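Keep in mind that the numbers below use all heavy atoms, side chains included, and drop hydrogens, waters and symmetry copies. Remember, it's a predicted structure, so these values are computed and weren't measured experimentally.
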Amino acid sequence: VISVAENLGSFVPKARLQSNMAHLLRKLIERIEDLGARPNAAGDRLLGLQSPRALPSHAPPFRNLRGKSRAVAVMLGFAGGGIAFLLYHMIGFITNALFYGRLSFGFANPYDAPVLNTPWRFLVIVIPTVGGLLVSLMAKYGSRRISGHGEPETIEAILTNRSRIQPKVGLLKPVSAGVTIGTGGPFGAEGPIIQTGGAVGSVLGQILNVTTTERKILLACGAGAGMAAILGTPIAAILFVVELLLFEFRARSFIPVAIASGIGGIMHFVLIEGRPLFAVTTVVGFGPYFGLGGLPLIALLGALCGVVGSFLTKLLYRLEDVFRKAPVNELLIPVLGGALVGGIGFFDPSVLGTGYTLIQSVLNTEYTANLAVGAGLFLLALLVLKALAWTVALSTGSSGGTLAPLFMMGGAFGGMVGLLFQAAFPSLGLTASACAIVGMVAVFAASSRAALSSIVFGAEVTGIYTFGNFSALVP
């Protein structure tokens, strides 16, 4: 059937044939492989698929994972957790070395560095610029797949390359992300760990020579384990992988992903931190059931967050077009992005780095006690400058995740709106912390279009269900 479809290319324009038949042929190839047959090379040529040149084509036969998928999922769970641990401490080591002048693997924030209070403050511009240069060199001479935040590249590998990711991507992606974030890049480690964990699962599937469907499951296991390990959110990682990578909800894929993500989540609490990444340790102020009176305000906040999320996405695409058409050598575009981020960080260092500690401060409203300026002005400045730094860095080809920046911007916007609600409707008992959590989740949902995962992310990553804040789930 694939050969007949290829012959149709002589009668039908290739672009039109691909757009109409690519999905059908891809499913057909997967079905043929599931039945034990090897795919016809004509199908690869027709769909423009690449063969895994990094691995031998004569890999030993291992065409079915029945009875072994759970054992492989356990392996990938530990592998994803280990990679997350290494990436987390690599970021800490680079940040400590460049911003603090010390050798330590402990996690550190660039915006607290002593150099900011010295005449050497200009290094805040130099360090991200050098980081952009290093990432640009890795992309040019290593693999262009390391640029970006990881999730689209992983989805592309599933949809267009039959879940095959080159081994060098799995090596270069965490290194490039560690360099970018460690030198002050305004990213999180979530996207890179998804692509790296997915690459480990994909390469393992290529070595075992399993079917396309099984290789996709292994890729999803590695991605879910890495995300659960870096954030401490195993349930949300499962749903995220199902929504954005697997595109199916079947026992054959759900069970291995659940096993790998569960092990990754355990490794977060054992190796990285003994609590959720953005733990909210106080009652956030939704009230006993929050009452019906406040729900319209939450709905309004959700609509506003949808506008913010859509604006951020369009701004990112627009800046990508601007830098793509800029009369600058392609090698220098990430360098320019690093210099611009450093320039923003020179005036407001809080935009630098992952911002994990700052996100937790926003969610717990700990910023109000230490600021001479108003809390609302602080949140507005954080939202605008973080959005500018993040979109500039990502659109110039840097390597880093989007979840933490979106959480920070969403939390800042929600907290700012919450302050207005609190002043206008004090009888409702709605706090800035409550609205910050809602804003964090809603902006991420608007940008990722993964609504169910976003809800669970908000509950898990903040741990609100462990501190008596069950009423927060409904808003």
Discussion item. Ser350 vs Leu358, test: side chain to side chain contact (heavy atoms under 4.5 Å, CB included). Steps then yes/no.
Written reply: CA-CA 8 Å; Ser350 63; Leu358 191 57; 3.8 Å; yes
Worksheet item: Which atom pair, heavy atoms only, marks the closest approach of Pro174 to Thr196?
Response: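 Heavy atoms only, the tightest pair is CD-OG1, 3.3 Å.
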Fill in: With sequence neighbours excluded, residues passing ring pair (Phe, Tyr, Trp, His ring centres under 6.0 Å) with Tyr88
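If we apply the ring pair (Phe, Tyr, Trp, His ring centres under 6.0 Å) test to Tyr88, skipping adjacent residues, the hits are Phe107.
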Discussion item. Determine whether Asp321 and Arg318 satisfy the following criterion, salt bridge (Lys or Arg N to Asp or Glu O under 4.0 Å), listing intermediate values before the conclusion.
Written reply: CA-CA 5 Å; Asp321 293 337; Arg318 182 63 59 88; 5.2 Å; no
For residues [X] and [Y], determine if any side-chain heavy atom of one lies less than 4.5 Å from a side-chain heavy atom of the other.
{"X": "Leu231", "Y": "Leu403", "value": "yes"}
{"X": "Val362", "Y": "Met408", "value": "no"}
{"X": "Leu239", "Y": "Phe457", "value": "no"}

Practice prompt. Would you please name every residue forming a side chain to side chain contact (heavy atoms under 4.5 Å, CB included) with Val169, sequence neighbours left out?
Written response: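 Expected list: Ser143, Arg145, Ile165, Gln166, Gln195.
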Item to complete: Kindly write out the residues that satisfy side chain to side chain contact (heavy atoms under 4.5 Å, CB included) with Leu388, not counting sequence neighbours, or none if the list is empty.
Response: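 Once residues adjacent in sequence are excluded, the partners of Leu388 under the side chain to side chain contact (heavy atoms under 4.5 Å, CB included) criterion are Ile344, Val392.
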Worksheet entry | Working for side chain to side chain contact (heavy atoms under 4.5 Å, CB included), residues Thr233 and Val456 | CA-CA 9 Å; Thr233 57; Val456 181; over 6 Å; no
Worksheet item: Glu320: what forms a salt bridge (Lys or Arg N to Asp or Glu O under 4.0 Å) with it, not counting sequence neighbours?
Response: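 Expected list: none.
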Just list the side-chain donor-acceptor pairs under 3.5 Å for residues 176-186, sequence neighbours left out, or say none.
residue	atom	partner	partner atom	Å
Ser176	OG	Leu172	O	3.1
Ser176	OG	Lys173	O	2.9
Ser176	OG	Ser399	OG	3.1
Thr180	OG1	Ser176	O	2.9
Thr180	OG1	Ser399	O	3.4
Thr183	OG1	Val179	O	2.6
Thr183	OG1	Thr180	O	3.0

Worksheet entry | Where at least one partner belongs to residues 259-272, residue pairs that pass side chain to side chain donor-acceptor pair (under 3.5 Å), sequence neighbours excluded |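 Sorted pair list comes back empty.
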Item to complete: Could you point out which residue of Phe93, Tyr100, Phe99 forms a side chain to side chain contact (heavy atoms under 4.5 Å, CB included) with Asn96?
Response: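 One option only clears the test, and that one is Tyr100.
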Discussion item. Please evaluate residues Asn109 and Asp112 with respect to the criterion side chain to side chain contact (heavy atoms under 4.5 Å, CB included), reporting the C-alpha separation (whole Å), side-chain torsions for both, the decisive distance (0.1 Å), and the verdict.
Written reply: CA-CA 6 Å; Asn109 298 303; Asp112 288 331; 3.8 Å; yes
Fill in: Ring centres under 6.0 angstrom apart (Phe444, Phe407)
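Distance test on ring centres: under 6.0 Å, yes.
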